[in-house]
Each structure stands twice: as C-alpha cells, then as structure tokens.
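Following: one structure in structure tokens, then a few remarks.
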Amino acid sequence: MDILKAIWNGEYNTEHRPSEEYKALMRKNSALEEALLSSISEEAIDELHASYAGLTDMESYESFLTGLRLGMAVMREYYQ
C-alpha cells in the first residue's frame, strides 16, 4: 500500500471510531456506575475516579503510539 497516496486521496483516516463492542461496554459500565455510586463511600468514588484517570492516560498513550506509527510509516514510504 502506498501510504502517501492513500493519505493524499483521503483513503487513510485516523479518526477514532469506537467499535460497537466498545460502545456496548461503555453503556453497561455507565449503567452500573449510576446504580452503584449512590451506595458507596466518598473514598471509593475517589478510587474509581483515579482508576478512570489511569485508563484515560493509557488510552491517550495508545493514541499517541498510533499517530507515531503513522508518521513513521509515512517517513518510511517517503524515503524508499
């Protein structure tokens, strides 16, 4: 695949599109969180938020890696 041509022609899209499986898990998680938050302590809520922060950091890092890989693929294609 000529990645430079694919990017030029608009065939290469890096937009994040959550899968249906991911969306379903998020809906399930949201419903569970809503049901349980009222019954847990403030400390447990803080722990949950810290866990979410860790997940967000990991997702951001993975997005960074995806962009870096794309950049490297473009450079590799250009300099061949």
Side-chain angles (χ1 to χ4, degrees):
M1 171 182 176
D2 185 345
I3 195 164
L4 294 177
K5 285 183 183 176
I7 292 170
W8 179 258
N9 293 328
E11 298 164 358
Y12 194 92
N13 188 344
T14 61
E15 179 182 333
H16 175 66
R17 295 184 187 153
S19 66
E20 289 304 315
E21 180 183 15
Y22 179 84
K23 290 176 186 178
L25 285 172
M26 285 303 294
R27 284 191 297 271
K28 182 179 176 183
N29 184 323
S30 293
L32 181 60
E33 181 180 319
E34 199 172 301
L36 297 175
L37 278 181
S38 62
S39 64
I40 62 176
S41 69
E42 191 69 32
E43 182 179 294
I45 291 173
D46 290 342
E47 188 176 335
L48 179 63
H49 288 164
S51 176
Y52 281 144
L55 179 61
T56 300
D57 286 345
M58 179 58 69
E59 288 173 341
S60 295
Y61 179 68
E62 298 223 351
S63 292
F64 164 76
L65 288 178
T66 298
L68 183 62
R69 287 183 184 114
L70 171 61
M72 291 176 148
V74 168
M75 287 189 302
R76 188 176 60 236
E77 184 77 25
Y78 179 77
Y79 288 108
Q80 283 184 348

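Evaluation of the salt bridge (charged side-chain N to carboxylate O under 4.0 Å, His left out) rule for K23 yields E20 as partners, not counting sequence neighbours. Every residue two or more places apart in sequence or in another chain that forms a side-chain hydrogen bond (donor to acceptor under 3.5 Å, both in side chains) with E33 is listed here: Y52.
One finds the OG1 atom of T56 at 5.5 Å from the CD atom of E59 (value rounded to the nearest 0.5 Å). Atom OH of Y61 sits about 8.0 Å away from atom CE of M58, to the nearest 0.5 Å. Rounding to the nearest 0.5 Å gives a distance of 5.0 Å between CD1 of I45 and CG of L37. We find the CG-CD distance between N29 and E34 to be 11.5 Å, quoted to the nearest 0.5 Å. S30 OG to K28 NZ: the interatomic distance, rounded to the nearest 0.5 Å, is 12.5 Å.
Cluster annotation: L48 is not connected to L55 through the hydrophobic network of ILVMFWY side chains, with a link wherever side-chain heavy atoms come within less than 4.5 Å.
Under the 4.5 angstrom side-chain criterion for Ile, Leu, Val, Met, Phe, Trp and Tyr, L25 has no cluster partners at all. In the hydrophobic clustering, where aliphatic and aromatic side chains (Ile, Leu, Val, Met, Phe, Trp, Tyr) are joined below 4.5 Å either directly or transitively, M26 groups with Y22. When hydrophobic residues (I, L, V, M, F, W, Y) are linked wherever their side-chain heavy atoms come within less than 4.5 Å, the members clustered with L32 are L36.
Residue pairs meeting the side chain to side chain donor-acceptor pair (under 3.5 Å) criterion with at least one member in residues 38-47, sequence neighbours excluded, do not occur.
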